[in-house]
Amino acid sequence: MSVRFSTLPSSIEFKRTHLKEMQAAGPTAASTRQPTMLPSGGQRARGGPAQTSGPRLMQAPATCGRSCPFASSSPGYFQTRRKVQAAAFHDPEEEGSMAAPNDAQEARIIVITSGKGGVGKTTTSANLGMSIARLGYKVCLIDADIGLRNLDLLLGLENRILYTAIDILDGECRLDQALIRDKRWKNLSLLSMSRNRQRYNITRAHMVQLCEAIIALGYQFIILDCPAGIDVGFINAISPAKEAVIVTTPEITSIRDADRVAGLLEANGIYNVKLLVNRVRSEMIQKNDMMSVKDVQEMLGIPLLGAIPEDPQVIISTNRGEPLVLQKKMPDSGVALEAAAQRLIGKLDYFVDLNNPHKGLFQKIGEMFN
Ligand code: ADP
Ligand code: MG
């Protein structure tokens, strides 16, 4: 336990101790988490390679009571669902215009999730997607929230959405018609699952099928902005994903939800998981009023992708529909998100970039680790 731990005010110390005890007792304890829903032989430490090639299991965790999205579905369930028209995924304009098609293994499907709402998933999705697109990759952002979309607003694309994924599944349009290309960076596209307040029984099979079709169009990254919660919307969003970024704030409620989500991801075969700590306030950390990034990372036991400071510019950027990473005078949060994007694609293998113009920010983040 670090020195910082021992100097914490009692309330935070109590909460931390409480969380650790809770974790130790619960089935998703960070230090002892076992992927209990894995097939036998598939148990592994978090972060290591998967030891099973068996199918993902979607079994109900012990605490899941009601009609359960985690229960494995029989094939019949999907067969009775509306079949996605193969023609819907055919895009004559794309044919031949794309680079050599990627096979499914090359493309990366990353879900941005958290459990708790309002911690910064959509902000993260928009900015990571934009950053990776700017680095030259073909990126598709999927707003997986059915009925309450808002990724389009953050990207300033809300007026350009004519069709959604539900229209594709209904056979009303082709995939390319629902993929909205960003005018600033044409290799970034947005697919919204639905219009606001629209209801539709999207299934895991639909999500997988959509992602396969998007990859067939040559996209190298699919970033899924996951809805809050751990119900059916969450399960649908994680179904096609091969990796995940868990967003949390340095608050006990958010950390506990992140821990729960980490357990569910593991139980569903997603082992490549990284942590992004958002809304970090270094002045509060210095006063021991907020957990440090290191504290949060140690509690969750998930490899760190990055830390984003609390920044009023995030609200301005949201209201303007202009992602932080696109701004000429990039705010601190934009620099941190850009760095996280570069780490995600393996272009940055350190946390502190002292050569960066926002040196102060990185020094602050560095201090949080010491
Ligand atoms: P989620 O998708 O997890 O619900 P959002 O990305 O929509 O979260 O963010 C929720 C709210 O928090 C928004 O009002 C957003 O502007 C604000 N926010 C997110 N990250 C930050 C940050 N680093 N600094 C300040 N405000 C933030
Ligand atoms: Mg959101």
Side-chain angles (χ1 to χ4, degrees), residues 110-131 141-158 190-197 223-231 233-234 236-238 241 244-251 253-258 260-262 265 274-285 290-293 296 304-327 330-341 358 361-362 364-365 368:
I110 306 167
V111 64
I112 313 292
T113 184
S114 69
K116 195 173 188 307
V119 297
K121 291 179 295 297
T122 305
T123 306
T124 301
S125 303
N127 285 284
L128 289 186
M130 187 59 86
S131 279
L141 282 165
I142 300 184
D143 190 337
D145 206 326
I146 302 203
L148 282 176
R149 71 175 195 214
N150 51 24
L151 191 51
D152 54 330
L153 286 170
L154 266 74
L155 292 164
L157 297 175
E158 67 276 14
L190 169 69
L191 176 67
S192 291
M193 289 307 295
S194 74
R195 290 186 186 83
N196 276 342
R197 296 184 297 281
I223 297 181
L224 290 139
D225 180 20
C226 187
I230 51 170
D231 59 8
F234 166 79
N236 281 340
I238 69 166
V245 173
I246 297 183
V247 183
T248 184
T249 57
E251 285 171 78
T253 47
S254 171
I255 295 169
R256 183 164 67 180
D257 288 358
R260 178 94 174 99
V261 160
L265 290 171
K274 295 188 181 70
L275 180 69
L276 195 77
V277 186
N278 189 23
R279 308 195 78 153
V280 176
R281 298 177 65 168
S282 53
E283 76 285 358
M284 285 186 73
I285 294 172
M290 182 179 267
M291 280 176 245
S292 72
V293 176
V296 176
L304 190 68
L305 178 70
I308 316 300
E310 172 81 24
D311 185 356
Q313 288 295 324
V314 176
I315 297 164
I316 298 170
S317 128
T318 302
N319 289 338
R320 288 192 181 150
E322 194 185 340
L324 295 148
V325 295
L326 280 189
Q327 291 172 22
M330 210 189 280
D332 289 353
S333 51
V335 176
L337 281 158
E338 175 90 23
H358 293 278
L361 165 75
F362 285 103
K364 276 184 198 165
I365 290 179
M368 289 170 206

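Both ligands and their constituent atoms are indexed starting at 1 by order of listing. Nothing fancy with the numbering, it's 1 onward along the sequence.
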Protein residue, atom and distance nearest to [atom], heavy-atom basis:
| atom | answer |
| --- | --- |
| atom 6 (O) of ligand 1 | Thr123 OG1, 2.6 Å |
| atom 8 (O) of ligand 1 | Gly120 N, 3.0 Å |
| atom 4 (O) of ligand 1 | Gly118 N, 2.8 Å |
| atom 17 (C) of ligand 1 | Arg279 NH1, 3.6 Å |

Check: Purely on distance, is any nitrogen or oxygen of Gly117 under 3.5 Å from one on ligand 1?
Finding: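 No; the residue has no nitrogen or oxygen that sits under 3.5 Å from a nitrogen or oxygen of the ligand.
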Next item on the list: Supply the atom-to-atom distance Ile255 CD1 to Ile246 CD1, rounded to the nearest 0.5 angstrom.
Entry: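 Here the rounded value is 12.0 Å.
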Note to self: Return the CD1 to CD1 distance between Ile112 and Ile238, rounded to the nearest 0.5 Å.
What the structure shows: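 So the CD1 of Ile112 and the CD1 of Ile238 are separated by 13.5 Å.
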Shortest non-hydrogen contact from [X] to [Y]?
| X | Y | answer |
| --- | --- | --- |
| Arg279 | Gly118 | NH1-O, 4.3 Å |
| Ala307 | Val280 | CB-CG2, 4.4 Å |
| Thr124 | Leu337 | CA-CD2, 4.2 Å |
| Leu224 | Ala237 | CD1-O, 3.4 Å |

Notebook entry, point to check: Is the distance from the Mg ion (ligand 2) to the nearest N/O/S atom of Asn150 under 2.8 Å?
Noted result: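 For Asn150, the answer is no, given that no N, O or S atom comes within less than 2.8 Å of the Mg ion (ligand 2).
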Item checked: Nearest option to atom 22 (C) of ligand 1, as decided by whichever heavy atom of Ile316, Thr122, Val314 sits closest ->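 Selected option, by shortest heavy-atom distance: Val314.
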Notebook entry, point to check: Which is closest to atom 23 (N) of ligand 1 in terms of heavy atoms, Asp311, Asn278, Asp332?
Noted result: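 Ranked by closest heavy atom to atom 23 (N) of ligand 1, first place is Asn278.
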If the cut-off is 4.0 Å to any non-hydrogen atom of [X], which atoms of ligand 1 fall inside it?
| X | value |
| --- | --- |
| Thr318 | 16 (O) |
| Lys121 | 1 (P), 2 (O), 3 (O), 4 (O), 6 (O), 8 (O) |
| Ile315 | 16 (O) |

Check: Does the protein place any heavy atom closer than 4.0 Å to atom 13 (C) of ligand 1?
Finding: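 Given the 4.0 Å limit, the answer for atom 13 (C) of ligand 1 is no, no protein heavy atom qualifies.
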Notebook entry, point to check: With a 4.0 Å cut-off on heavy atoms, is Pro309 touching ligand 1?
Noted result: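 Right, Pro309 reaches ligand 1.
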Check: Taking atom types as modelled and ignoring hydrogens, do the side chains of Asp143 and Ser192 form a donor-acceptor contact shorter than 3.5 angstrom?
Finding: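 Judged by distance alone, the side chains do not pair up.
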Note to self: Testing the 3.5 Å rule here: is there a donor-acceptor pair between the side chains of Ser254 and Lys116?
What the structure shows: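 On atom types as modelled, these side chains do not qualify, holding no pair under 3.5 Å.
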Next item on the list: Could you tell me whether the side chain of Asn236 reaches within less than 4.5 Å of the side chain of Met193, counting heavy atoms only?
Entry: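 In short, these two side chains do not touch, never coming nearer than 4.5 Å.
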